[in-house]
Amino acid sequence: MTEAENRIANIKSKHGEYIIELLGNIIRVDGKGVVTKPILEQYLEDVKTVTRVLNGKPWGFIGFVCGTGILTPEAEHALVLSINARKQVGMKACALVTTNADIPSLVKSQFERVYQRAQIDYRFCASEDEAYIWLDTQGCSSSFTY
């Protein structure tokens, strides 16, 4: 796949934005702003499109949070439900890089709550390289071929 083929979605709204890419068997998301329920609903549809391509094979998630990067309470609840559903179609682990978030500790505490409620393996990483290395230990690789 070329870089253009890997880019699945590029969504912007007045509250936030995200870009989703499929790299091997890793879904990479760059997010910025406040995640509202409407943004999350669109994001969940975009992730469903990506996971269909993987045909149920195991996959990992790497997220990069820029700026505010927080979830509204209703979006937080919806994300827990979504992760539970995505685990059924191959999601194995989540790595989150929060070094570019406005308040990394707030983002970490919120996503830690989400990941614990969803009962999925996760790690907060200081860099992109660290995130990819950890996901590789979970069986997820950007060089995976399907």
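- The line from CD1 of I26 to CD1 of I62 is 6.5 Å long, rounded to the nearest 0.5 Å.
- The structure places CG of L135 at 11.0 Å from CG of L23, a figure rounded to the nearest 0.5 Å.
- By the 4.0 Å N-to-carboxylate-O rule, E130 lies too far from R123 to be salt-bridged with it.
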Exercise for review: Determine, stepwise, if the pair H77 / R117 fulfils side-chain contact (heavy atoms from CB on, under 4.5 Å).
Suggested key: CA-CA 9 Å; H77 177 72; R117 286 180 182 158; over 6 Å; no

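- The CD1 atom of I19 sits 7.0 Å away from the CD atom of E21 when rounded to the nearest 0.5 Å.
- For the atom pair F61 CZ and L96 CG, the distance stands at 6.5 Å (nearest 0.5 Å).
- Between G139 and N25 the shortest heavy-atom distance is O-ND2, 3.3 Å.
- At most 12 non-hydrogen atoms from other residues, nucleotides or ligands lie less than 6.0 angstrom from NZ of K48.
- Across all non-hydrogen atoms, the minimal contact from A131 to V97 is CB-CG2, 4.0 Å.
- The heavy-atom pair separating G69 from F111 by the smallest distance is O-CE1, 3.8 Å.
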Using atom types as modelled, flag every donor-acceptor pair under 3.5 Å from a side chain in residues 99-107 to any protein atom, sequence neighbours excluded.
from, atom 1, to, atom 2, distance (Å)
D102, OD2, T68, N, 3.4

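- For V47 against W59, the heavy-atom pair with the smallest separation is CG1-CH2, 4.4 Å.
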Practice item. Test salt bridge (Lys or Arg N to Asp or Glu O under 4.0 Å) on R28 and E128 and set out the steps. Key: CA-CA 10 Å; R28 176 195 166 112; E128 183 172 355; 2.7 Å; yes

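- Separation of atoms OG1 (T49) and CD (E45) is listed at 7.0 Å; rounding is to 0.5 Å.
- Heavy atoms only, all atoms of each residue included: Q138 and D121 are closest at OE1-OD2, 3.6 Å.
- Side chain of Q110 to backbone of L71: a donor-acceptor contact under 3.5 angstrom is found.
- Taking the side chain as every heavy atom from C-beta outward, K32 and F64 never approach each other to under 4.5 Å.
- The closest side-chain heavy-atom distance from K87 to Q119 is below 4.5 Å.
- For F124 against K108, the heavy-atom pair with the smallest separation is CZ-O, 3.3 Å.
- Separating the CZ atom in R86 from the SG atom in C94 is a distance of 7.0 Å, to the nearest 0.5 Å.
- Among V80, L79, L81, the single residue meeting the side chain to side chain contact (heavy atoms under 4.5 Å, CB included) criterion with I83 is L79.
- Between Y18 and Y43, the ring planes lie perpendicular to each other; the angle is over 60°, past the 30° to 60° tilted range.
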